[in-house]
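Heads up: the structure comes next, in structure tokens.
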Amino acid sequence: MSRLLPPDFDDCVNRAVAAFWRGRASATGKSQGGSRDGVLAGKNMDGFVELVVQVAVHCGLNAAAVRTRKSDLVLPGFFRATKNWDVLVIHEGRLLAVFEFKSQVGSFGNNFNNRSEEVIGSAADLWVAHHHGAYGSGPHRSRSVVAEYQPALLNPAIQSDPRPPFLAWLMLLEECAASQRSVRCDEPNFPVFEEFKSASYARRYQILCERLVERQLYSAAALELSSRGSSASRALSASTSIRNLFAEFAGRVLAAQA
């Protein structure tokens, strides 16, 4: 698996993590409030954007296939008109890969559900749009093709494309006492699934990543934990590591050129 990735892959990840924390420190010091802080926070993940370019080029793609400019990152949706992603890879007119990079520092209780809803909803929007031919070279399929007696559209059995886009999601989470401690679940009506009981926010994110892939909403999903100001990060499992995510991406890039 390691041969799929550049020899300095781990160093590149460390640089991306260090750049994230530097960017956050700079943005905090210059905090302007409102949407401006959101823009600055998004730019903190630019090191991971560059990692997509590096892996794609390592696997033989032209760097121009990796779209990173904001104006080039828009895809049509099904439930909404468009969505801006973090990185798109378009090879020979085909949407090869789509990446979304997120981070969470503090405010775990307020933001975990929001992040979860975003990642699930974005995948639903993309796959239904894909099912209707939004990203192919041919005409869009009519909505009338989808009948109520058919399986749910997010069931991969209904996908007509044998080589669907590679969809990836990465969460960089602050490793601290608040993200590691057990969290109580409210259960006023029905019990929650056992694995969520007393699970920390870090563990909840790991479960989210595992299930996003298990249910084939995402091709790969990663959770990396990093302490504030550090250049290091760690995964809670190999299957939800950033190395696994990019190894899966590298395999898809190589297969697309075969």
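Start at 1 with the first residue, then count along the sequence.
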Inset, instruction - Could you please spell out the steps behind the side-chain contact (heavy atoms from CB on, under 4.5 Å) verdict for Lys197 and Glu194? - result: CA-CA 5 Å; Lys197 292 186 176 181; Glu194 285 294 326; 3.3 Å; yes

Inset, instruction - Could you walk me through whether Arg80 and Ser122 pass the side-chain contact (heavy atoms from CB on, under 4.5 Å) test, one step at a time? - result: CA-CA 10 Å; Arg80 55 187 164 184; Ser122 293; 3.4 Å; yes

Inset, instruction - Please step through side-chain contact (heavy atoms from CB on, under 4.5 Å) for the pair Glu224 and Val17, ending with a clear verdict. - result: CA-CA 10 Å; Glu224 290 285 324; Val17 172; over 6 Å; no

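Under a 4.0 Å N-O distance rule, the pair Lys70/Asp72 does not qualify as a salt bridge. The pair Arg15-Glu50 does not meet the salt-bridge criterion, since no charged nitrogen lies less than 4.0 angstrom from a carboxylate oxygen. Salt-bridge check for Glu100 with Lys83: passed, with a basic side-chain N closer than 4.0 Å to an acidic carboxylate O. With salt bridges taken as basic N to acidic carboxylate O contacts below 4.0 Å, none links Lys102 and Asp86.
In this structure the side chain of Gln180 reaches within 4.5 angstrom of the side chain of Leu225, judged on heavy atoms. Using a 4.5 Å heavy-atom cutoff, the side chains of Arg204 and Cys185 are in contact. Annotation: side chain of Met45 is in contact with side chain of Ser103 (closest heavy-atom distance under 4.5 Å). By the 4.5 Å heavy-atom criterion applied to side chains, Ser230 and Phe20 are not counted as neighbours. Taking the side chain as every heavy atom from C-beta outward, Pro76 and Tyr135 approach each other to under 4.5 Å. Side chains of Leu245 and Tyr218 form no contact here, defined as non-hydrogen atoms less than 4.5 Å apart. Side-chain contact check for Leu51 versus Phe101: every heavy-atom pair is 4.5 Å or farther apart. Counting only heavy atoms from C-beta outward, the side chains of Leu217 and Trp169 never approach each other to under 4.5 Å.
What you find for Phe78 and Ala129 is that their closest heavy atoms are CB-N, 3.7 Å. The heavy-atom pair separating Ala56 from Val253 by the smallest distance is O-CG1, 4.4 Å. Here the shortest heavy-atom pairing between Leu208 and Ser116 reads CD2-OG, 3.7 Å. Nearest heavy-atom pair across Pro6 and Gln54 is CG-O, 4.1 Å. Listed here is the closest heavy atom pair of Cys59 and Ala250: SG-CB, 3.5 Å. For the residue pair Val192 and Glu187, the shortest heavy atom distance occurs at N-OE1, 3.0 Å.
Taking CG from Leu173 and CD from Gln206, the interatomic distance works out to 11.5 Å, rounded to the nearest 0.5 Å. Atom CG in Leu126 sits 7.0 Å away from atom CG in Leu95 (nearest 0.5 Å). We find the OG-OH distance between Ser200 and Tyr205 to be 11.5 Å, quoted to the nearest 0.5 Å. Here the straight-line distance linking atom CD of Glu174 with atom CZ of Phe108 works out to 4.5 Å at 0.5 Å rounding. A distance of 4.5 Å separates CZ in Phe196 from CD1 in Ile207, rounded to the nearest 0.5 Å. How far CZ of Arg252 is from CG of Leu167: 10.0 Å, rounded to the nearest 0.5 Å.
When hydrophobic clusters are built by joining Ile, Leu, Val, Met, Phe, Trp and Tyr residues whose side-chain heavy atoms come closer than 4.5 Å, directly or via intermediates, Val55 is grouped together with Phe166. Placement of Val213 and Leu4 in two distinct hydrophobic clusters is found when ILVMFWY residues are connected by side-chain heavy-atom separations under 4.5 Å, directly or transitively.
Scored by the ring-ring contact (aromatic ring centres under 6.0 Å, His included) test, Phe48 finds no partners at all (sequence neighbours excluded).
No hydrogens or angles considered: nothing links the side chains of Gln104 and Tyr201 as a donor-acceptor pair under 3.5 Å.
Taking the six-membered ring where the residue is Trp, Phe246 and Phe249 present perpendicular rings, their angle passing 60° and hence far from 30°.
Distance alone, capped at 3.5 Å, places no donor-acceptor pair between the Ser231 side chain and the Ala18 backbone. Under the 3.5 Å distance criterion, the side-chain polar atoms of Ser241 are matched with a main-chain donor or acceptor of Ala238.
Each of Val98, Asn84, Asp125 was evaluated against Leu75; a single residue qualifies, Val98, per the side chain to side chain contact (heavy atoms under 4.5 Å, CB included) test.
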